Amino acid sequence: MSASGTDLAALLRAAAGRLAAAGVPSPRADAEELLAHALGTTRGAVALAALRGDDGPAPDVRTAYAALVAARCARRPLQHLTGRAPFRGLELAVGPGVFVPRPETEGLAGAAVDAAREVERAEGRPAVVVDLCTGSGAVALAVAAEVPRARVVGVELSEDALAWARRNAADLGARPPLAGRPGGPVEVVAGDAGSALPGLEGLVDVVVSNPPYIPPGAVPVDPEVRDHDPGAALYGGGEDGLEVPGAVVARAAALLRPGGVVLVEHAEVQQPALLAVLAGPAWSGATGAVDLTGRPRWVRATRADGAVPAPPAAAR
């Protein structure tokens, strides 16, 4: 990669131009993020150095940076190149084999945080929160970080994703243990979202999930998603993509105590169908919510004091 000058600002301009030509949606931001990674610093520090007109980095850093930019031009995910993904103030380790958490899911995590806090406020005890299809552990770890007294359990079936979730739980450090749980931000367990945690049935306060939900015919357009996120984390099964979300809702009905809350993310066209599922006798007060872009993004319902419905086909 060549630049018209030797200063850092020229290097960034050249990189951003290449990224823009490759169709990368945020070329300048990615150029700064990749250079920060190559330098072992922050994007803010890189942007400030460019404004000051600082000299460009050493030749070995330039070489490493050129390779990173070339990989990003090939539409490898930025988060795979840096190895990190931000989520509600956390820095999560991510890479091949695990779904990269999206900003749209931060609202879902915030709703789970609010529900867990309400349990603590109303009942004066730690909330029990289960994150089904935890992936990288993003939602579970956000709840644990923001509701420190809560018992949080993340469930994941994929061995690759499970390894990432356990790494993130370890990286974010242990907390003092609470009664009935080991120390650590979350308990990460292997399991099918449709049948996990039989020992917690009827004891959980909040079940939250960002399950796979894309219908089989709706292949993502962005290469970063289509070619790099694992298919098992994308496609929800069935003609409408709701096989796994439906299994999550059924499992939530078994896990939650009466008055407990379920929160499930979905595609923007799926909200009416999921609200119809939550209109059954196991649930009350079903509502839909939108993300920061105003798109329908998740549903919320309260566990009624009634019979548990028979579960559908197994989830993932």
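These numbers come from a predicted model, not from an experiment. Note that these values count all heavy atoms, side chains included, but never hydrogens, waters or copies made by symmetry.
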Considering residues at least two apart in sequence or located in another chain, which fulfil the side chain to side chain contact (heavy atoms under 4.5 Å, CB included) criterion with [X]?
{"X": "Val290", "result": "none"}
{"X": "Ala38", "result": "Val61, Tyr65, Leu68"}
{"X": "Pro215", "result": "Ala218, Gln270"}
{"X": "Arg226", "result": "Val219, Pro220, Pro223"}

Kindly write out the residues that satisfy salt bridge (Lys or Arg N to Asp or Glu O under 4.0 Å) with [X], not counting sequence neighbours, or none if the list is empty.
{"X": "Arg76", "value": "none"}
{"X": "Glu118", "value": "Arg121"}
{"X": "Glu106", "value": "none"}
{"X": "Asp30", "value": "Arg72"}

Are [X] and [Y] close enough that some pair of their side-chain heavy atoms sits under 4.5 Å apart?
{"X": "Leu92", "Y": "Leu141", "value": "yes"}
{"X": "Phe99", "Y": "Asn210", "value": "yes"}
{"X": "Phe87", "Y": "Thr105", "value": "yes"}
{"X": "Arg257", "Y": "Val119", "value": "yes"}
{"X": "Arg117", "Y": "Arg149", "value": "no"}

Side chain to side chain donor-acceptor pair (under 3.5 Å) involving [X] - partner list, sequence neighbours excluded:
{"X": "Glu146", "result": "Arg88"}
{"X": "Arg102", "result": "Asp229"}
{"X": "Arg28", "result": "Glu32"}
{"X": "Arg75", "result": "Glu224"}

Enter the distance from [X]:[atom1] to [Y]:[atom2] here, rounded to the nearest 0.5 Å.
{"X": "Leu274", "Y": "Glu265", "atom1": "CG", "atom2": "CD", "result": "11.0 Å"}
{"X": "Asp205", "Y": "Leu200", "atom1": "CG", "atom2": "CG", "result": "10.5 Å"}
{"X": "Asp192", "Y": "Arg251", "atom1": "CG", "atom2": "CZ", "result": "9.5 Å"}
{"X": "Leu8", "Y": "Asp54", "atom1": "CG", "atom2": "CG", "result": "6.5 Å"}
{"X": "Glu33", "Y": "Ser26", "atom1": "CD", "atom2": "OG", "result": "9.5 Å"}

Do [X] and [Y] share a hydrophobic cluster, counting only Ile, Leu, Val, Met, Phe, Trp and Tyr and linking them when any side-chain heavy atoms are less than 4.5 Å apart?
{"X": "Val204", "Y": "Trp283", "answer": "yes"}
{"X": "Val152", "Y": "Leu162", "answer": "yes"}
{"X": "Val94", "Y": "Leu108", "answer": "no"}
{"X": "Val262", "Y": "Val299", "answer": "yes"}
{"X": "Val155", "Y": "Trp164", "answer": "no"}

| Is Asp291 paired with Arg295 through a side-chain N to carboxylate O contact shorter than 4.0 Å? |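 Result for this pair is no, no salt bridge flagged.
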| field | CA sep, side-chain torsions, deciding dist, call: Asp114, Arg300, salt bridge (charged side-chain N to carboxylate O under 4.0 Å, His left out) | value | CA-CA 12 Å; Asp114 291 342; Arg300 181 189 193 278; over 6 Å; no
For [X] and [Y], which heavy atoms make the closest approach, and how far apart are they?
{"X": "Leu90", "Y": "Ala145", "answer": "CD2-CB, 4.1 Å"}
{"X": "Val100", "Y": "Ala85", "answer": "CG1-CB, 4.4 Å"}
{"X": "Cys73", "Y": "Ala22", "answer": "O-CB, 3.5 Å"}
{"X": "Ser209", "Y": "Leu132", "answer": "OG-O, 2.9 Å"}
{"X": "Pro86", "Y": "Glu91", "answer": "CB-OE2, 3.7 Å"}
{"X": "Ala193", "Y": "Cys133", "answer": "CB-SG, 3.7 Å"}

| query | Does any N or O in the side chain of Arg297 come within less than 3.5 Å of the main-chain N or O of Ala289, such that one atom is a donor and the other an acceptor? | reply | no
| said: Closer than 3.5 angstrom, by distance alone: can the side chain of Gln271 be matched with the main-chain N or O of Trp298 as a donor-acceptor pair? | reply: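 Pair found, side chain donor or acceptor close to backbone of Trp298.
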| Within 6.0 angstrom of Leu292 CG, more than 12 heavy atoms from elsewhere | no
| task | Could you please spell out the steps behind the side chain to side chain contact (heavy atoms under 4.5 Å, CB included) verdict for Asp131 and Val143? | result | CA-CA 9 Å; Asp131 177 19; Val143 174; over 6 Å; no
| said: Under a 3.5 Å threshold, yes or no: a donor from one side chain and an acceptor from the other, between Ser158 and Asp160? | reply: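 Distance-only check fails for Ser158 and Asp160.
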| Would you say the side chains of Thr82 and Arg84 form a donor-acceptor pair under 3.5 Å? | no
| query | Can you check side chain to side chain contact (heavy atoms under 4.5 Å, CB included) on Glu120 and Val147, steps first, answer last? | reply | CA-CA 9 Å; Glu120 296 194 354; Val147 193; 3.5 Å; yes
